[in-house]
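Input: a single structure, listed below in structure tokens.
Residue numbers begin at 1 in each chain, while the letters A, B, ... track the order of the sequences.
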Amino acid sequence: MSSHATPDRTKYFVPEPSWYPFALTAGLVAVIIGVWGYLEDKHVGLVPVLAGVAVAISIIWMWMYRVSHESEGGFYGPQVDRTFRWGMSWFIFSEVAFFGAFFGALYYARQLSLPWLAGEGAEQSTNALLWPGFENVWPSNGPGAIGGDFETIPEWGIPFLNTVLLITSSFTVTWAHHALKEGKRQACIAWMIVTVLLGATFLYYQVGEYAEAYSELNLTLGSGIYGSTFFMLTGFHGMHVTLGTLMLIIITGRLISGHFKPDYHFGFEGVAWYWHFVDVVWIGLFTFVYVL
Amino acid sequence: MSHDHAHAGHADDHHHGPVQLSDGFGKWILRWITTTNHKDLGTLYLLLSCTMFLIGGLMSLVIRAELWMPGLQFVDPEFFNQMTTLHALVMIFGGVMPGFVGLANWMVPMQVGAGDLALPRVNNWGFWILPFAFTMLLSGLFMDSGAPAGGWTMYPPLVLQTGSSFPMLIFAVHLMGISSITGAINVVVTILNMRAPGMTLLKLPLFSWTWLVTGYLLIATMPVLAGAVTMLLTDKYFATSFFSAAGGGDPVMFQHIFWFFGHPEVYILILPAFGVISTIIPTFARKRLFGYDSMVYAVASIAFLSFIVWAHHMFTVGMPLAGELFFMFATMLIAVPTGVKVFNWIATMWRGAMTFETPMLFAIAFVFLFTIGGFSGLMLAIAPADFQYHDTYFVVAHFHYVLVPGAVFAIIAAVYYWIPKWTGVMYNETLGKLHFWLSAIFINVLFFPQHFIGLAGMQRRVPDYALAFADVNEWSSIGAFGFFVAQFLMLYNFARCVWFRGGMQKATARVWEGAHGLEWTVPSPAPYHTFEVPPVLPPDESTVVWDEADEVVTGNKG
Amino acid sequence: MSMMKGGLRLALIAALLASGAAHGVAYEPGHWNMPVGVTEMSRTVFGLHMLIFWVCVGIAVLVFGAMFYSVFAHRKSRHPKPADFHESTAVEIAWTVVPFVILVLMAIPAAGTLVKMEDMRGSEVSIKVTGFQWKWQYEYLDQGVSFYSTLHADSNRARQLHSGIDPNSVPNYLLEVDNRLVVPTGKKLRFLITANDVIHAWWVPDLAVKKDAIPGFVNEMWAIVETPGIYRGVCAELCGRDHGFMPIVVEAVEPAKYEQWLAARKAGQPTDIGHGPARSDVAAASNVASDAVAAVPAQASSEPAAPAAASADGEKVYNAQCAACHQPTGKGMPPSFPALVGSAIVNGPAAAHIQHTLKGKNLMPPFARLSDADIAAAVTHERTSWGNQGGAVTAEQVRAQRGK
Ligand code: HEA
Ligand code: HEA
Ligand code: CUA
Ligand SMILES: [Cu+2]
């Protein structure tokens, strides 16, 4: 793509036509077709997934590359900067709502469905006729003992360590931010690297925890409502940490190649916001999934 | 809707005009695929919406044909359920939502005096997801095990019996969610960040206001729907137990999560319609909107209340008494702010100087028929009575009254109202009026009788029924075919404005004698780029919303 | 002109509804309102319904009256110069407060009714109602009586696609069953509602009871039927292909008669209470509607999981359980319902076929609730009919597959 003429910062920046979005969607749809084939035994093979992922990743890469160059090239006036701030805030808000659905499921199971199955409230008959003898204890895999006996992960071991790691990383990213604002690029990069390492360590432990749950504790996605909520909540959180870590790496790369200015660096801030969000979700998880 | 740029004189525009078909077919296709222009994308959204309305309408005709007489004449019950399910999903997610997003694309930047939406590339993404998503949604019709047939509400465990189209249903919903969220963020950010200097929030035209609130509802609830269907997916394929009692979950949990999205969703479908009506009535009454501030507060209260009423769709699931009482009271409360809106519209007409061009006719029909739908909604809100109404045709009648002469009439009114601005020519008024009267009559033949059979005991989602309901169903089916056919008058009328303009009357910049707002200060058709440099509004209160001197206040042509 | 249209229509509705208000049995032709019903609760609900209805009509007359008056009087040709008022705090407060007050006045009786409905105390007869795809099971708790209730054979034949049978020729089309739910009048009945596969909803308008039947949970509701009679209802929650074809028929009888019926049922003796009319194709043979005749299509399922009573006649089981989808001819209705004729599963290994039957797949519900003998009989019928060469299976083979 040819690059723009000269930036005109009196006008709001409207990008020229772009084929990225369409291609990105096409990539995603290819992935979906592959996954559909896998789920429904349609034998479409790995090609759609691999091709789709390749397309999607390269498009995202090109798109981000372009945005960073538009940004560094001075095309984004202060109004565009505000757009990004608003946009990122609303995006994070939507993510909160997404996690809300799963936290809601956890709440519902623990406060409503399990007590009902155990005959509380107006539901004596549910227990007496359908699930005699079932008692409401948490963790639970339901009156059908779906998935068989399992053990849970002790919260004050690795989960607590992970909490410390993530909270620390929220601080380090903030220190990196301060360093950037004060023009101390080297310090900023150093703190960013620390943040990335903390994120990666978190993920390392998380993966280990999953492996242990599956192999030692018989705790799986199929372990009734406990396993379902546990893995869906921590799993989606883990995906967000992965994404956040990747973005931190990219931002670090941009810092190394001289991007961002002490007073103009929303790309950096957006990722930092996201990282804090991921951190806050974890605190919710630690409290409601592990401790309580 | 093409824009004839050779004739539109705007020398200050440093961009080139958009590629035309005459520049080559490939290039022209590429223009639409790659465009970042809000007007292009608005056009695409509206075309998609129109297509989906027709597909969803055809499905409803399959439904009505089968229901014409008792006994099964045309389709298998399973296919009937597929039609009901897809009809609703296509109409809601493919017809009404893209319709309003299309209107927002076109009008919000023009109304707030911005050059485009805030994030144009993301805007393109939001649109181009949709054709893929709907192809996926409908793909089930071509699979051996058929399309989803569990109702648009997708309740488990039934929906988990869907065949190979199940993952496609889930992923299609995910994609629609992404599209809605990106679209909503775009509109919200545009309104919050890109208003022309002097356009305070309380001067914002009501269509933009309602969209601001709608956008908020979308961002808050679409992810919840995405979460809900994700749990369906894992329950079916990955052994989770969210919706199974044996594992400690509950099928009803899905309903709570779904309706936490679903109820705000129905206001997502109607709030922009309120905005449209609040724009059209003052224009044709030649009188300023009555109670602007209370309109804004009413929209905000409706949005707030919409988050705490969801379980009125679930009165029969066996909730604890306290829950039923709470949701009943909260639901009834919504009548208050909605009433304020209805009263304000009538007060706007009161002692105005009304003329009845097609948009106004549709707007008046909206006020009348939407309110009827609101009354039946209020009846449904009374929990003990809802035990009798629930899942009958009384509910079907309720929601079609608020959706078809509500949301769909508003979209139609909006297109009649703004199409001269978009295309530069006036639609044919006689044909428009004819279309209105046919629509208004047939829609009532179609849906009014459904109240009665619902009360008398006909349940929803059935392909066949007891003999007592035969007559009424026949009228309803006649109404359905009549209504559907009448829409082609409108499509013909619009097609002439867009493509075959020979003999059509040219539109002025202001188009309507009583029209107000920035969009009327640019020429018709609106140039490809408007307000690249924001217009400056005089700081006194009465400029954008109302212009005493009947003059164009801002001369900026972008 | 428009104003007259609106007014006329309202008058029309009002007249229609008023005419229906005097009596009311659901599903009666020409009756276009909610049935008044035969319980105190149903009358209360009906009253509430009419109350809100008239309140809405009242508000509608005022609101639409004002609007159409304005449309008439304030058109440009009559009223060329628009006024320029655009707000009035007093008026706006008034039309916020007045509707609010009206709503409160409606909420009070509504809340009262709701509280009464939820009061389960003092029930005398408890009946467990279980929804299946697509039939109901009724169990009289502590009585040891239970049976299934399915769509009456006449309706079932007429309702097939291209059946060639005019539904108008079938009495109570889609509203008749083989075995009715028999209840005593004047007693507080407690219904315990649940489901086996997907969500259903048990609804009898004349009793003003509707509750969802949710797998894994039991919902409760109650009714006191005042007058003997036959009250019809339907499944009111989408439950798959034959959601429209699983009606409910309640036969309310005097308590003495009820006891008589219960005793006969327990003893396995025929009784003339509680089943639908004879199927029309066998009606000529006997109009004494004996159990043996009337219950044929559902007999196999009447005594679930009781091997002794299981029918060895595979065709009967097949016709009652499988034919709705796979058709008596075994040809199915592709694409949704595959043909069994020449099917790979039916002609393949018996274990897989039995598994498929026990567990179901996609649209097909699981049939594990049937007895081993019934399943064996039906599976054998499928494997040996219509040219299929799968070979017979035994009840032992079925038992061996259970729980796998
Ligand atoms: C555009 C969409 C839309 C809108 C705006 C509404 C508006 C309302 N709806 Fe509706 N509704 C649906 C779409 C919509 N609904 C759909 C799609 C379903 C079915 C989903 C499914 O199951 O598939 C449904 C179902 C539904 C139910 C569940 C029924 C059931 O399944 O048993 C209920 C119950 O409370 C309900 C209530 C209401 C109420 C109280 C309003 C209120 O907002 C209405 C308020 C308006 C007025 C009341 C009129 C104007 C007011 C005045 C003139 C003031 C004075 C009036 C009084 C004081 C009475 N709706
Ligand atoms: C917005 C939503 C919407 C719309 C527009 C409609 C429109 C129609 N609907 Fe439906 N319907 C639903 C939403 C909608 N419906 C929902 C949510 C359900 C419940 C599903 C469920 O139970 O799961 C339902 C169910 C439903 C049933 C019950 C089915 C059952 O229970 O089995 C029936 C039966 O008569 C029916 C009929 C119709 C008919 C005849 C129309 C006709 O009005 C259709 C006529 C055609 C049009 C309205 C298109 C005209 C517009 C244009 C051509 C576009 C113009 C556009 C631009 C200019 C941009 N619908
Ligand atoms: Cu059972 Cu519907
Ligand atoms: Cu609702």
Side-chain angles (χ1 to χ4, degrees), chain B residues 70-72 76-78 144-146 151 155 157-158 161 163 245-246 251-252 286-288 290-291 294 316-318 321 324-325 329 332 335-336 339-340 343 346 349-355 367-368 375 379 382-385 387-388 390-391 452 455-457 459 461-464 466-468, chain C residues 26-29 31-34 45 48-49 52 56 66-67 70 74-76 79-80 82-83 86-87 92 95-96 99-100 103 107 110-111 113-114 117-118 159 161 167 173-175 198-199 201 205 208 210-212 214 216-217 219 234 236-241 243-244 333 335-336 362-363:
Chain B
L72 290 184
D76 180 80
E78 180 64 25
D144 284 349
S145 52
Y155 285 0
L158 180 64
Q161 295 180 351
V252 174
R286 293 168 181 74
K287 187 162 156 278
R288 184 167 162 187
F290 187 89
S294 63
T316 60
V317 299
L321 177 62
E324 305 219 303
L325 287 171
F329 296 149
M332 293 173 76
V336 175
V340 167
F343 300 141
I346 293 173
M349 297 183 196
W350 197 258
R351 296 187 40 223
M354 273 185 275
T355 51
V367 177
F368 184 33
F375 287 143
M379 295 173 75
I382 309 289
F387 293 155
Q388 293 281 50
H390 178 65
D391 266 338
F452 301 122
L455 290 174
Q459 78 276 43
R461 297 165 162 174
V462 290
D464 196 359
L467 302 173
Chain C
Y27 308 108
E28 193 181 280
H31 180 76
W32 284 6
N33 196 357
M34 184 190 285
V45 168
L48 208 51
H49 158 66
I52 346 163
C56 288
M67 183 172 90
S70 178
H74 306 144
R75 52 181 63 224
K76 199 180 179 194
H79 192 259
H86 57 79
E87 60 197 349
E92 288 176 57
W95 68 40
T96 311
F100 182 77
L103 290 171
T113 312
L114 202 56
M117 282 181 155
E118 295 290 325
R159 64 104 177 175
L161 188 57
Y173 178 59
L174 298 187
L175 291 171
V198 301
I199 303 178
K210 182 189 283 146
K211 265 278 150 66
D212 290 2
I214 296 160
F217 291 84
N219 276 326
V234 291
E237 179 64 56
L238 178 61
C239 53
R241 176 176 184 264
H243 158 61
M333 281 182 281
S336 303
N362 293 339
L363 284 173

Against chain C, label [X] side chain, backbone, both or neither, depending on which of its atoms sit under 4.5 Å from a heavy atom there.
X	value
B:Phe329	side chain
B:Tyr155	side chain
B:Leu158	both

Quiz item: At their closest point, which heavy atom of C:Ala201 faces which heavy atom of C:Asp212, and how far apart are they?
Solution: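 For C:Ala201 versus C:Asp212, the nearest heavy atoms are CB-OD1, 3.5 Å.
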Measuring heavy-atom distances to chain B, does [X] have an atom under 4.5 Å in its side chain, in its backbone, in both, or in neither?
X	value
C:Met117	side chain
C:Ala111	both
C:Leu103	both

Exercise. Mind running side chain to side chain contact (heavy atoms under 4.5 Å, CB included) on B:Phe387 and B:Thr316 for me, showing each step along the way?
Key: CA-CA 6 Å; B:Phe387 293 155; B:Thr316 60; 3.8 Å; yes
Relative to chain C, which of [options] shows the most heavy atom pairs under 4.5 Å?
options	value
B:Val367, B:Leu325, B:Val252, B:Asp464	B:Asp464
B:Gly457, B:Pro463, B:Ala353	B:Ala353
B:Met349, B:Glu324, B:Met332, B:Arg351	B:Arg351
B:Ala468, B:Gly352, B:Ala466, B:Ala385	B:Gly352

Quiz prompt | Atom pair CG (B:Asp391) and CZ (B:Arg461), whose distance is rounded to the nearest 0.5 Å | solution = 6.0 Å
Quiz item: To the nearest 0.5 Å, how far apart are CE in B:Met354 and NZ in C:Lys76?
Solution: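 Those atoms lie 13.0 Å apart.
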I'd like to verify something: which residue of [options] has the highest number of heavy-atom pairs under 4.5 Å with chain B?
options	result
C:Pro80, C:Ala107, C:Gly216	C:Ala107
C:Thr96, C:Ile214, C:Leu48	C:Ile214
C:Leu174, C:Leu114, C:Asn219	C:Leu114
C:Gly244, C:Pro167, C:Ala66, C:Pro99	C:Pro167
C:Glu87, C:His243, C:Lys210	C:Lys210

Exercise. Return the orientation label for the B:Trp350 and C:His74 ring planes: parallel under 30°, perpendicular over 60°, tilted otherwise.
Key: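 The rings of B:Trp350 and C:His74 stand perpendicular, inter-plane angle above 60°.
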Quiz item: Is C:Glu237 close to B:His390 at the side-chain level, that is, under 4.5 Å between some pair of heavy atoms?
Solution: yes
Exercise. Report yes if the side chains of B:Phe343 and C:Glu92 come closer than 4.5 Å at any heavy-atom pair, otherwise no.
Key: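 No, every pair of side-chain atoms sits at 4.5 Å or beyond.
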Exercise. Would you check if the side chain of B:Gln388 reaches a backbone N or O of C:Pro205 as a donor-acceptor pair within less than 3.5 Å?
Key: yes
Practice problem: Before giving the answer on side chain to side chain contact (heavy atoms under 4.5 Å, CB included), spell out for B:Thr355 and B:Arg286 the whole-Å C-alpha distance, their side-chain angles and the decisive distance to 0.1 Å. | Solution: CA-CA 9 Å; B:Thr355 51; B:Arg286 293 168 181 74; 3.0 Å; yes
Self-check item: Intermediate values then yes/no, side chain to side chain contact (heavy atoms under 4.5 Å, CB included), C:Leu238 and C:Ile199
Solution: CA-CA 8 Å; C:Leu238 178 61; C:Ile199 303 178; over 6 Å; no
